[in-house]
Amino acid sequence: MRFASILLLSLVTTLLHAQDKVYTTYTTERGMGIQLTYDNLPKNKIFEVITADDYEFIDQFYLSAKNGKPAKNYLRFKKDGKIGVLNAKGKVIIPAIYDTIQCLARFIGETQPAFKEYFLFKKNQQVWLQGYSNLKRLFPGTCESIRYDVLTGAIHCYSNNRATYYCHNGAQIFPKIEFELIQDVISTTSYNDNYIPDKIIAKEPGKPMSVYSKTESFINKEEANLHTFICEFENYACKTLVKASKNEKMGLLDGQGNIRIPFLYDNLIPIYSWLNNERTNRLIIILNGKEGVCDFHGNILYEPIYMAGSFTENRAYYDKSIYKVAKDTVIYQGVFDSHGKELIPIQEQTIEEHIHNGDYTQNYFYVTRNGKKGVYSYDGNEIIECEYYDIYDENSTNRKKSTYNFITFNTLQDYRDYWG
């Protein structure tokens, strides 16, 4: 009998640990509390209250875990107008004496290592960071505000109109330089536990904005405003350029500060696309509310005469860079490759891209012109003229058919007869 009781207790314990824990809040006359239940078990049978019910509110911290799955490890609570933190068992690990406590956590994918994660504390208008696991401070002292980069784990601290940069592991970059502003940070190395930025765009008091690097010398001869880094891909390597502005016009500088593209445009937006398994470098140029495209040396591929927002890169097919554009208030569309060759000339038409049975080598376009539909190949060759009410690829749902087989319908009646 005793053995059976021990076995039953062991079974229940194992069952509980095998369930996913679910935290649910409840409210009483005294305030809020939280209870712990278990998935796949009746809540009225197995649950435990893990907090008192005299909190003003309770919410969960979703910390990043392996493979990007959230882990419910901590609970934030408010009492007497101040914020504290509970652990998963409802024990107070950080007393409610702070104005704000936030999580700084980076999303972790399957191929990305976890960076250190922090609690951000605010008290008496000052903020600082402490680690989740040991509550150890990341850096000494406090500051007025902190900006956290969820991609790199970089931390920008601002205090008394001065900025300091820290890596996710607490290492300070350029500690001997006093910055007024840190604008952008880039690294061409892998994001790992030893992530160190290659370059930063920043400004020292009384000096123009500049690029700070341990390996390159950048001189802002134009004394332009520097905005962000742009990557130029050559032979699978990234060369960093800088988007800059002067007299309210945008241009592009190289890694040493020389002008690549003069300050002529209202904006420059990089579009990175593929051609023949290699990255191509293109910029959307915006001028007077119209869009065009140039390369990274300022050579114009399409004049800025198209509607804003109409240049979008095709992301479906690995070896192509297809753009659809609109002109004026009428829908004018065309298809181009990333070298500027017109595959389907711009006309008053609509274009739909289709992938045959998931095979990217069998892509094609349905083109509707003057109310009639036709078909173009992915290389821009006309397969069927735009003369039909509708067209259907009979092999589009047959996985055994590797090529398309188009059926044309001259009238609505033909279309209805086909589909029964």
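Position 1 is the first residue of the sequence; numbering continues from there. Predicted model only: the values in this text are computed from it and were never measured. What's counted below: heavy atoms across the whole structure, side chains too, no hydrogens, waters or symmetry copies.
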Novice: If you apply the rule salt bridge (Lys or Arg N to Asp or Glu O under 4.0 Å), what do you find for Arg260 with Asp254, and how did you get there?
Specialist: CA-CA 6 Å; Arg260 267 287 196 94; Asp254 66 14; 5.2 Å; no
Novice: Shortest non-hydrogen contact from Asn220 to Met209?
Specialist: ND2-O, 2.8 Å
Novice: side-chain contact (heavy atoms from CB on, under 4.5 Å), that's the test. Do Ile285 and Ile261 meet it? Break it down for me.
Specialist: CA-CA 11 Å; Ile285 53 178; Ile261 296 178; over 6 Å; no
Novice: Apply salt bridge (Lys or Arg N to Asp or Glu O under 4.0 Å) to the pair Lys372 and Glu387, showing each step before the final yes or no.
Specialist: CA-CA 5 Å; Lys372 297 292 185 178; Glu387 296 181 350; over 6 Å; no
Novice: With the side chain counted from C-beta on, respond yes when Glu144 and Asn160 share a heavy-atom pair under 4.5 Å apart, and no when they do not.
Specialist: yes
Novice: Going by an N to O cut-off under 4.0 Å, is there a salt bridge joining Arg76 and Asp59?
Specialist: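 The answer is yes: the pair qualifies as a salt bridge.
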Novice: Is the count of non-hydrogen atoms from other residues, nucleotides or ligands lying under 6.0 Å from Lys221 atom NZ greater than 12?
Specialist: yes
Novice: Can you name the nearest heavy-atom pair linking Lys373 to Tyr389, along with the distance?
Specialist: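 Here Lys373 and Tyr389 meet closest at CB-O, 4.5 Å.
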Novice: Could you measure the distance from the CG atom of Leu86 to the OG1 atom of Thr51? Nearest 0.5 Å is fine.
Specialist: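 If we round to the nearest 0.5 Å, Leu86:CG and Thr51:OG1 are 6.5 Å apart.
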Novice: How far does NZ of Lys79 sit from CZ of Phe57, to the nearest 0.5 angstrom?
Specialist: 14.0 Å
Novice: Considering non-hydrogen atoms only, spot the tightest contact between Leu253 and Ala244 and give its length.
Specialist: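 Looking at all heavy atoms of both residues, the closest pair is CD1-CB, 3.9 Å.
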Novice: Out of curiosity, Phe119 CZ to Ile83 CD1, how far, rounded to the nearest 0.5 Å?
Specialist: 12.5 Å
Novice: Quick one: are Phe139 and Cys157 in side-chain contact, heavy atoms under 4.5 Å?
Specialist: yes
Novice: Could you tell me how the ring of Tyr366 sits relative to the ring of His354: parallel (under 30°), tilted (30 to 60°) or perpendicular (over 60°)?
Specialist: perpendicular
Novice: If you apply the rule side-chain contact (heavy atoms from CB on, under 4.5 Å), what do you find for Ile346 with Glu342, and how did you get there?
Specialist: CA-CA 8 Å; Ile346 288 181; Glu342 257 187 347; 4.3 Å; yes
Novice: Between NZ of Lys123 and CD of Gln126, what distance do you get to the nearest 0.5 Å?
Specialist: 12.0 Å
Novice: For the backbone of Asn381 and the side chain of Asp379, can you confirm whether one donor and one acceptor N or O come within less than 3.5 Å of each other?
Specialist: no
Novice: Does Asp80 use its side chain to pair, donor to acceptor, with the backbone of Lys82 at less than 3.5 Å?
Specialist: no
Novice: Report the distance from atom CG of Leu241 to atom CG of Leu252, rounding to the nearest 0.5 Å.
Specialist: 5.0 Å
Novice: Quick check: closest heavy atoms across Tyr415 and Trp419, and the distance to 0.1 Å?
Specialist: O-CD1, 3.1 Å
Novice: Supply the atom-to-atom distance Phe77 CZ to Asp54 CG, rounded to the nearest 0.5 angstrom.
Specialist: 9.0 Å
Novice: In terms of the angle between their ring planes, are Tyr392 and Tyr418 parallel, tilted or perpendicular, with boundaries placed at 30° and 60°?
Specialist: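 Rings of Tyr392 and Tyr418: tilted, 30 to 60°.
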Novice: Would you say the side-chain atoms of Thr411 pair up with the backbone N or O of Asp414, donor to acceptor, closer than 3.5 Å?
Specialist: yes
Novice: List for me each residue that meets side chain to side chain donor-acceptor pair (under 3.5 Å) alongside Gln413, sequence neighbours excluded, and say none if there are none.
Specialist: Asp417
Novice: Side chains of Asn281 and Glu232: is there a donor and an acceptor less than 3.5 Å apart?
Specialist: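 Looking only at side-chain atoms, Glu232 and Asn281 do not form any donor-acceptor pair under 3.5 Å.
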Novice: Can you confirm whether Ile201 sits close enough to Phe229 that some side-chain heavy atom of one is under 4.5 Å from a side-chain heavy atom of the other?
Specialist: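 Ile201 reaches Phe229 side chain to side chain.
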Novice: From the options Phe179, Tyr165, Phe218, select the one residue that forms a ring-ring contact (aromatic ring centres under 6.0 Å, His included) with Tyr212.
Specialist: Phe179
Novice: Please confirm whether the backbone N or O of Pro304 pairs with a side-chain atom of Glu291, one donor and one acceptor, at under 3.5 Å?
Specialist: no
Novice: Using a 3.5 Å distance criterion without hydrogens, assess whether the side chain of Gln349 forms a donor-acceptor pair with backbone atoms of Arg369.
Specialist: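 Side chain of Gln349 to backbone of Arg369: no pair is present.
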Novice: Would you call Arg30 and Asp53 a salt bridge, using N to O less than 4.0 angstrom?
Specialist: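 A salt bridge is present here (some side-chain N lies under 4.0 Å from a carboxylate O).
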Novice: Is the shortest side-chain heavy-atom distance between Phe365 and Tyr378 below 4.5 Å?
Specialist: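 With C-beta onward as the side chain, the pair touches.
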Novice: May I have the step-by-step check of salt bridge (Lys or Arg N to Asp or Glu O under 4.0 Å) for Asp266 and Lys249, ending in yes or no?
Specialist: CA-CA 5 Å; Asp266 299 330; Lys249 291 294 183 180; 2.6 Å; yes
Novice: Which heavy atom in Ile230 sits nearest to a heavy atom in Pro270, and how many Å separate them?
Specialist: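 That closest heavy-atom pairing would be CG2-CB, 4.1 Å.
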Novice: Evaluate ring-ring contact (aromatic ring centres under 6.0 Å, His included) for Tyr364 paired with Tyr376, printing each intermediate quantity in order.
Specialist: CA-CA 6 Å; Tyr364 54 86; Tyr376 281 74; over 10 Å; no
Novice: Is any side-chain heavy atom of Tyr98 closer than 4.5 Å to a side-chain heavy atom of Asn124?
Specialist: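 No - every pair of side-chain heavy atoms lies 4.5 Å or more apart.
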Novice: Could you check whether any side-chain heavy atom of Asp184 comes within less than 4.5 Å of a side-chain heavy atom of His227, counting everything from C-beta outward?
Specialist: no
Novice: Is any side-chain heavy atom of Leu120 less than 4.5 Å from a side-chain heavy atom of Ile146?
Specialist: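 A side-chain contact under 4.5 Å exists here.
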Novice: Could you tell me whether the side chain of Glu56 reaches within less than 4.5 Å of the side chain of Met32, counting heavy atoms only?
Specialist: no
Novice: Using the side chain to side chain donor-acceptor pair (under 3.5 Å) criterion, which residues pair with Glu223? Sequence neighbours excluded.
Specialist: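 Side chain to side chain donor-acceptor pair (under 3.5 Å) list for Glu223, sorted by chain: empty.
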